[in-house]
Structures are given as structure tokens and as C-alpha cells.
Amino acid sequence: MVSGHAAHAARRSFTRLARFFDQLLRGKLTCGPLTVQQFSTLEALERGPRTMNDLASQVGLHQSTMTRIVDRLERDGFVGRERGRAEKRKVSVVLTAEGKKLYRHLDKECASFTERLLGAVPAERRASCVEALVLMSGTLDPDNEKFRTILRECCRGTKGEPT
């Protein structure tokens, strides 16, 4: 079991990291054609085609919001929709060549900044810092059953109320 102090310190760190990366992406994306949610959508699609339900789950948005985002990205030529060959009603969202190009460009810029940020971490601690981030990121993946279970248990009540 994790101590209350460790959990509190981790929660505060997660919040700070989330705010930082949100600010980083907003700064990088405000001069470009995407919002943070659109960038996250392209990032989820970079791993391959996804159904709308899967995409909404990966990005952490309600399906109606995801539909509006995909509509806009499709209009701008960054994604497309493909019907399933065997199951015609199944529609997957895919990155277009232009979407891949844009995502890779923005990802490279963000990676460059992240390299600079990691440069501020003492050299002997960098590898363990990255390892911990990768581990937590894998834990927070919507495809991870343990994460889905924790999320269901944690979010049973209404927002802001104890469960």
C-alpha cells in the first residue's frame, strides 16, 4: 500500500506536470492550426486507425466532443474516415499524410523542449526520471485493465463528491 504522503506528493506532481505540458502544447500550438485536444487526437491516431469510441477513450473526451474534433480535423485534411471491409458500419479514423506530417513536426518541437527540460534534471537522475514517467504513462493507458478498474471505482459518484 502507498502511504498518504507519497500519494499526495505524486498527485501534486501529476498536476504540475499536466499543467506544464498543457502550457507547453498551448504555446506550441497557438501559432499553428491545432488545439491541444486536436494534437492529442493526432497523437492517438499516430499509432494506427481507431474507432470513434476507442479514440474518445484514448484522448479522454466524451464521444460527442471527439466527433466535433474529428469533423474539424477531417475538414482541414489531417484525418479521414474509413469504412470497415468486413463490417461496413464500423468506421475508423485514420491520419492522412498531411496529418502525419503535422503531428511529426509538432512532436519533434515538443521533444526538443522536453530534452532541454530533462537537461535541468541532474544527469544521474535522468534515466530513473524517464523510467518513472514511462511506467506511470503505461499505467494511465485506457487500454490497461487495472487503470480502467481504478477509474471505475474512483468515479462512481458524481463529480467532486466522495465515492
Side-chain angles (χ1 to χ4, degrees), residues 1-30 32 34-67 69-70 73 78-79 92-96 99-163:
M1 192 69 165
V2 176
S3 77
H5 176 73
H8 182 73
R11 199 261 334 139
R12 290 181 59 90
S13 296
F14 292 153
T15 302
R16 188 174 296 121
L17 281 169
R19 271 194 320 263
F20 167 77
F21 277 99
D22 186 64
Q23 288 172 335
L24 168 66
L25 287 175
R26 286 180 194 280
K28 287 289 180 194
L29 300 176
T30 53
L34 299 179
T35 65
V36 173
Q37 292 174 332
Q38 290 169 333
F39 177 80
S40 296
T41 301
L42 295 186
E43 184 170 57
L45 291 170
E46 201 265 335
R47 296 179 225 140
R50 300 212 179 248
T51 64
M52 288 297 287
N53 284 337
D54 189 31
L55 191 54
S57 174
Q58 283 292 316
V59 179
L61 296 172
H62 191 273
Q63 183 155 354
S64 62
T65 303
M66 183 53 60
T67 298
I69 288 170
V70 168
L73 289 170
F78 300 125
V79 303
S92 292
V93 182
V94 298
L95 275 179
T96 63
K100 288 177 185 177
K101 180 180 171 185
L102 177 61
Y103 171 75
R104 288 181 182 142
H105 168 74
L106 292 170
D107 185 50
K108 202 178 285 186
E109 284 190 24
C110 290
S112 174
F113 187 82
T114 303
E115 285 176 15
R116 290 177 44 209
L117 179 64
L118 282 171
V121 174
E124 67 277 3
R125 306 286 307 271
R126 282 183 204 141
S128 61
C129 182
V130 171
E131 184 179 338
L133 287 169
V134 169
L135 179 64
M136 286 308 299
S137 154
T139 301
L140 298 172
D141 188 329
D143 289 336
N144 180 335
E145 181 57 39
K146 286 182 181 179
F147 173 70
R148 289 196 310 263
T149 300
I150 291 168
L151 199 57
R152 278 191 304 272
E153 292 171 357
C154 165
C155 298
R156 280 193 188 133
T158 58
K159 291 184 179 178
E161 294 180 3
T163 53

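Nothing here was measured: the structure is a model prediction, and the numbers come from that model.
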Separation between [atom1] of [X] and [atom2] of [Y], rounded to the nearest 0.5 Å:
| X | Y | atom1 | atom2 | value |
| --- | --- | --- | --- | --- |
| Leu133 | Leu118 | CG | CG | 8.0 Å |
| Ile69 | Thr65 | CD1 | OG1 | 6.5 Å |
| Leu55 | Thr41 | CG | OG1 | 5.5 Å |
| Lys100 | Leu95 | NZ | CG | 6.5 Å |
| Tyr103 | Gln38 | OH | CD | 14.5 Å |
| Ile150 | Phe147 | CD1 | CZ | 8.0 Å |

I need the minimum non-hydrogen distance between [X] and [Y], along with the two atoms involved.
| X | Y | result |
| --- | --- | --- |
| Val79 | Val70 | CG2-O, 3.8 Å |
| Ala44 | Val59 | CB-CG2, 4.0 Å |
| Arg125 | Ser128 | O-OG, 3.0 Å |

Next on the checklist: For a side-chain contact (heavy atoms from CB on, under 4.5 Å) check, start with the C-alpha distance between Gln37 and Met66, then their side-chain angles and the critical distance, and finish with the verdict.
Outcome noted: CA-CA 9 Å; Gln37 292 174 332; Met66 183 53 60; over 6 Å; no

Do any N or O atoms from the side chain of [X] and from the backbone of [Y] form a donor-acceptor pair under 3.5 angstrom?
| X | Y | value |
| --- | --- | --- |
| Thr15 | Arg11 | yes |
| Thr149 | Glu145 | yes |
| Thr51 | Ser92 | no |

Next on the checklist: Using side-chain hydrogen bond (donor to acceptor under 3.5 Å, both in side chains), reason through Thr67 and Gln63 one step at a time and then give a plain yes or no.
Outcome noted: CA-CA 6 Å; Thr67 298; Gln63 183 155 354; 4.8 Å; no

Less than 4.5 Å apart, side chain to side chain, heavy atoms only: is that true for [X] and [Y]?
| X | Y | value |
| --- | --- | --- |
| Asp54 | Gln58 | yes |
| Met52 | Val93 | yes |
| Leu117 | Phe20 | yes |

Next on the checklist: Side chains of Ser3 and His5: any donor to acceptor distance under 3.5 Å?
Outcome noted: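 On atom types as modelled, these side chains do not qualify, holding no pair under 3.5 Å.
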
